[in-house]
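Take a look at the structure below.
Starting from 1, each residue takes its place in the sequence as its number. Read the numbers this way: they start at 1 and go in the same order the structure lists the ligands and their atoms. What you see is a predicted model, and the numbers here were worked out from it, not measured in a lab.
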Amino acid sequence: MSRKIANGSSCTGCTVILVQNLSDKVEILRRYASPSHYIRGKQAPDYKGEALQELEMLTVNAKEAQEFILMKILESNQATEYLSKFMNGSTNISSFKRHVPVVTYDKVQPYILRIATGEESSILCGEQIVELLRSSGTSRGEPRLMPSILKNLDRRTYLYSLIMPIMNKYISGLDEGKAMYLLFVKAETLTNSGTPIRSVLTSYYKSPHFLHRKHDLYNNYTSPDEVILCPDSQQSMYCQLLCGLVECQHVLRIGAVFASAFLRSISFLEQHWCDLVNDIRIGQLNSSITSPACRLALMNFLASPDPELADQVEAICSCGSWKGILGRLWPNVKYIEAVLTGTMAQYIPMLEFYGGGIPLVCTMYASSESYFGVNLRPLCSPADVSYTILPNMAYFEFIQLEDGLRLTDHEEVIENDKLVSLVDVKVGCYYELVVTTFSGLYRYRVGDVLQVTGFYNQAPQFKFICRRNVILSIDSDKTNEEDLHNSVTTAKKILENRNYLLLEYTSYTDTSTVPGHYVLFWEIKSTHNKSPAPLDAQLLESCCAAAEESLDYVYRRCRAHDKSIGPLEIRLVEVGAFDALMDLLVSHGSSINQYKTPRCIESSLALKLLNSKVIACFFSPRDPECSM
Ligand code: AMP
C-alpha cells in the first residue's frame with residue numbers, strides 16, 4: 001500500500017498528497033522523463049488542481065527528477081559519436097560529470113553542420129533530429145541552430161500547460177472570454193538534407209500541440225490560426241488587431257511573447273487604426289491584405305458592417321493622448337502578458353504608459369535550447385519576477401560567477417568539478433546556466449546569467465539578470481561589445497578615408513521610438529591641419545549603413561525583414577563630450593586609473609549629458625543586406 005504524506009507548502013493553496021511509496025515514485029519519475037503522458041489524451045488541463053499537483057510533486061522531488069532525467073538522456077544518447085568520445089559508451093552519471101566538457105556553441109556547431117549536410121542524427125542524438133531551431137544567438141555572424149527532436153514538443157507543451165492553472169489561482173473567470181495574443185511565425189528554410197530550419201515558436205505554432213487546443217476554454221484566442229500562421233508579419237499583425245478589436249468586449253487578456261513585439265503592434269495600430277476602423281464600419285477587409293488564408297479566416301469576423309463599434313474605436317484612437325489606451329479599447333482586460341525581464345525590462349515604462357495600470361505579467365522563461373521555468377507569482381511587479389526551474393525540462397547545471405556579476409570569459413575552460421547541480425545552488429549567488437538536453441546538447445552554456453532568489457520546494461527560483469556580454473538588444477538581436485567594436489571599426493574607415501578620426505564612441509538602445517533602434521554617440525576630430533572637408537550628412541549616413549552591414553545576421557534580419565528594429569542612428573557630439581562623460585562617471589565613483597569608456601550607456605545622467613552635447617544626428621538610409 002502507498003504511504004501518503006500530507007505536505008503543507010503547496011502552490012495550489014490546498015494540501016497536496018505526495019506519494020512516497022517507492023514504486024509510485026518510480027512511476028512518477030518515468031512520467032517526468034516523458035511529459036507526453038500528461039499531454040496526450042487530455043481533453044483540457046484540469047485547472048482546479050491536477051496540473052499544479054504535478055508541479056508540486058515535481059518540485060518536491062527536484063533532485064530525483066534531475067538524476068532520472070540525466071540517466072534517461074545518457075541511456076538514450078550514449079552511443080552517439082559525441083558522447084562516446086568522452087564516455088566510451090558508459091551511461092554512468094559520475095563518468096558524465098568527470099569527462100564530458102562544458103562547451104559553447106563552437107564545439108557543437110561542427111556536428112550540427114554535418115547533420116545539416118546529410119549525416120545521421122545519431123552522431124549527436126539517439127533520436128531523430130527533426131528540425132533545427134534558429135536561436136537568436138549567433139556564431140561568427142551566423143544564427144545558431146539548435147537540434148530538436150519530436151518529444152521536445154511535449155516538453156514545451158507541458159510547460160505551457162502550467163501557465164493558465166497558475167494564472168487561474170490569482171485571477172478567476174479567465175475561461176469566460178478570450179485572449180488577444182499577437183503571435184507570429186517566421187519564414188523557414190531547409191538544410192541541404194531537407195531538415196527544416198525554423199524558430200522555436202514557429203515550430204510550436206505549426207504543431208498539433210498548439211493547433212489542437214480548440215477545446216481549451218482557457219486558451220481561446222481572438223486570432224484565428226490561419227492568421228497566426230501567415231508568414232507576412234504585416235498582414236498577420238493587421239488581421240490579428242482587427243480580430244482583437246472586433247471581439248474587444250470578450251477580450252480578457254492581451255499580450256505577445258516578448259514586450260518588443262507587443263509594443264510594435266501598438267505602434268502599428270497607431271499607424272493603421274483608420275483603415276481598421278473603416279474595415280469594421282463597412283464589414284470588408286482592406287484590399288492590402290492579399291493572403292487568401294487571412295482573407296478567408298476574416299470572413300466570419302467581418303460578416304456585417306458594425307458602424308457603432310467603428311465609431312467607438314475611432315473616438316478612442318483619435319482622442320489625442322494614447323496614455324492608458326489599452327484599457328479603453330479592451331475594457332475587460334485583466335492583464336497584459338509578455339516577457340518583461342532581462343533586456344525586455346527597457347519596455348516596462350512604455351507598456352505602463354499604454355496600459356494605464358493594467359497588471360503586467362511575465363509567465364515563463366524559455367529558449368531554443370530548452371524551456372526552463374515558470375513564474376509562480378505572476379502578479380508580482382516585473383522587477384521582482386523569479387522563474388522556478390522545472391526539473392523535467394532538461395538536466396541543469398550552473399557555473400558560479402565568482403565576484404558577483406563578473407562574468408567568465410566566453411572561451412574560458414570551465415573545470416568539470418566547478419559545476420553546481422540544480423538543487424545545490426545558493427540563494428543570492430549568481431550563476432551561468434548550463435544545460436544537457438535529450439536532443440543533443442551536453443553541458444552547453446546557454447549564455448544567461450541568473451541569480452537565485454529562493455526555492456519552491458526543492459526547485460530553485462531565479463531572477464534573470466542578463467545575457468552574458470550582451471550590451472545592445474531591441475528584439476531577438478543580441479549585440480555584445482566585440483560585435484559593436486567590429487561594426488564601429490568597419491564604419492569608421494569611411495571617416496578615415498576623408499581625414500577624420502573617431503576619437504571615442506559609445507552606444508545605447510533608444511526604445512522611445514517604435515521600433516527601437518541602436519544609437520551610436522561619436523566624437524570626431526579632423527586630422528587635416530588646414531581646412532578640413534566639411535562633415536556632410538551623406539558621409540555620416542554611409543557610416544550608419546556600414547555599421548549596420550557589419551552587425552550580425554539576427555540584427556540584420558530584425559532590421560530588414562522583420563522591421564522590428566529601426567535604422568541605426570549616429571549622434572555626433574561636440575569635442576570634449578567624452579571627457580565630460582569621464583568626469584561625470586569618475587565623480588560617481590569610477591576609478592580614474594581604471595576608467596574605460598563604457599561601450600553602452602546605462603546611467604540616465606550619462607545619457608542626459610551626452611544628449612546635451614549632440615550637434616547633429618544621422619540615420620542609416622537603407623536596410624542592411626539580409627540573406628541566409
Ligand atoms: P532564443 O535562443 O532565440 O530562443 O532566445 C532565448 C533567450 O531569450 C534566452 O536564453 C534568454 O536570454 C532570453 N529570454 C527568454 N525568456 C526570457 C525571460 N523570461 N526573461 C528574460 N530573458 C528571456
Side-chain angles (χ1 to χ4, degrees), residues 104-105 108 112 131-139 142-148 152 155-156 159-160 162-163 166 184-186 197-205 255-262 337-348 360-378 380-390 393-394 396 398 407 431-435 437 439 441 444-451 453 461-480 552-555 557-558 562 564:
T104 52
Y105 186 71
V108 192
I112 296 194
E131 58 188 356
L132 295 172
L133 302 179
R134 200 191 292 121
S135 96
S136 50
T138 54
S139 174
E142 293 303 315
R144 290 185 192 169
L145 301 176
M146 298 300 160
S148 185
N152 284 354
R155 225 164 276 285
R156 287 177 211 132
L159 189 145
Y160 285 122
L162 296 174
I163 304 295
I166 294 170
F184 304 96
V185 297
K186 289 196 168 147
I197 300 179
R198 44 170 84 109
S199 77
V200 64
L201 291 171
T202 301
S203 159
Y204 184 67
Y205 299 146
V257 178
F258 286 99
S260 53
F262 188 68
E337 180 177 344
V339 169
L340 276 163
T341 40
T343 58
M344 293 292 140
Q346 62 189 317
Y347 299 112
I348 295 172
L360 304 179
V361 167
C362 301
T363 54
M364 58 184 277
Y365 167 41
S367 82
S368 311
E369 290 89 336
S370 165
Y371 278 24
F372 302 126
V374 292
N375 177 7
L376 295 178
R377 291 193 307 122
C380 71
S381 141
D384 297 330
V385 169
S386 285
Y387 299 102
T388 304
I389 298 283
L390 299 180
M393 289 292 117
F396 298 107
F398 297 85
L407 307 183
Y431 297 92
E432 190 190 319
L433 176 62
V434 173
V435 288
T437 66
S439 48
L441 297 175
Y444 176 84
R445 293 171 72 173
V446 174
D448 289 347
V449 176
L450 311 172
Q451 184 189 24
T453 53
Q461 302 182 296
F462 292 93
K463 185 170 183 172
F464 184 95
I465 299 298
C466 61
R467 182 91 189 165
R468 202 180 49 210
N469 291 331
V470 167
I471 56 169
L472 296 173
S473 172
I474 299 269
D475 187 20
S476 49
D477 54 305
K478 296 183 177 66
T479 298
N480 63 30
D552 71 20
Y553 169 81
V554 177
Y555 175 88
R557 188 192 67 209
C558 290
D562 304 348
S564 54

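If you check which protein heavy atom lies closest to atom 8 (O) of ligand 1, you get Lys478 NZ, 4.1 Å. Taking atom 11 (C) of ligand 1 as the reference point, the nearest protein heavy-atom neighbour is Asp448 OD2, 3.2 Å. The nearest protein atom to atom 4 (O) of ligand 1, hydrogens excluded, is given as Ser368 OG, 2.8 Å; this is a heavy-atom distance. Scanning the protein for heavy atoms near atom 5 (O) of ligand 1, the closest one is Ser136 OG, 3.4 Å. Protein heavy atom nearest atom 17 (C) of ligand 1, with residue, atom name and distance: Tyr365 CD1, 3.6 Å. In terms of protein heavy-atom proximity, atom 15 (C) of ligand 1 is nearest to Ala366 O, 3.0 Å. The single protein non-hydrogen atom nearest to atom 20 (N) of ligand 1 is Thr341 OG1, 2.6 Å, given as residue, atom name and distance.
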Using side chain to side chain donor-acceptor pair (under 3.5 Å), reason through Ser439 and Arg155 one step at a time and then give a plain yes or no.
CA-CA 12 Å; Ser439 48; Arg155 225 164 276 285; over 6 Å; no
Set out, in order, the CA-CA distance, both residues' side-chain angles and the distance that settles side chain to side chain donor-acceptor pair (under 3.5 Å) for Glu369 and Thr437, then state yes or no.
CA-CA 8 Å; Glu369 290 89 336; Thr437 66; over 6 Å; no
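Judged purely by distance below 3.5 Å, without hydrogens or angles, the side chains of Arg156 and Ser148 pair a donor atom with an acceptor atom. A donor and an acceptor atom, one from each side chain of Tyr444 and Tyr105, are nowhere located under 3.5 Å apart. A side-chain donor-acceptor contact under 3.5 Å links Asp475 and Ser260. Side-chain contact annotation: Thr388 with Gln461, donor-acceptor N/O pair under 3.5 Å present.
The distance from ligand 1 to the heavy atoms of Ser135 drops below 4.0 Å at these ligand atoms: 2 (O), 3 (O). Listed by number with element, the atoms of ligand 1 under 4.0 angstrom from any heavy atom of Val339 are 17 (C), 18 (C), 19 (N), 20 (N).
Ligand 1 has an N or O atom lying under 3.5 Å from an N or O atom of Tyr387, backbone or side chain. The shortest N or O to N or O distance between Ser367 and ligand 1 is not under 3.5 Å. For Met364, a nitrogen or oxygen atom sits less than 3.5 Å from a nitrogen or oxygen atom of ligand 1, counting backbone and side chain alike.
Side-chain contact between Leu450 and Ile465 is absent, with no heavy-atom pair separated by less than 4.5 Å.
A salt bridge links Arg557 to Asp562: one of the charged nitrogens lies within less than 4.0 Å of a carboxylate oxygen.
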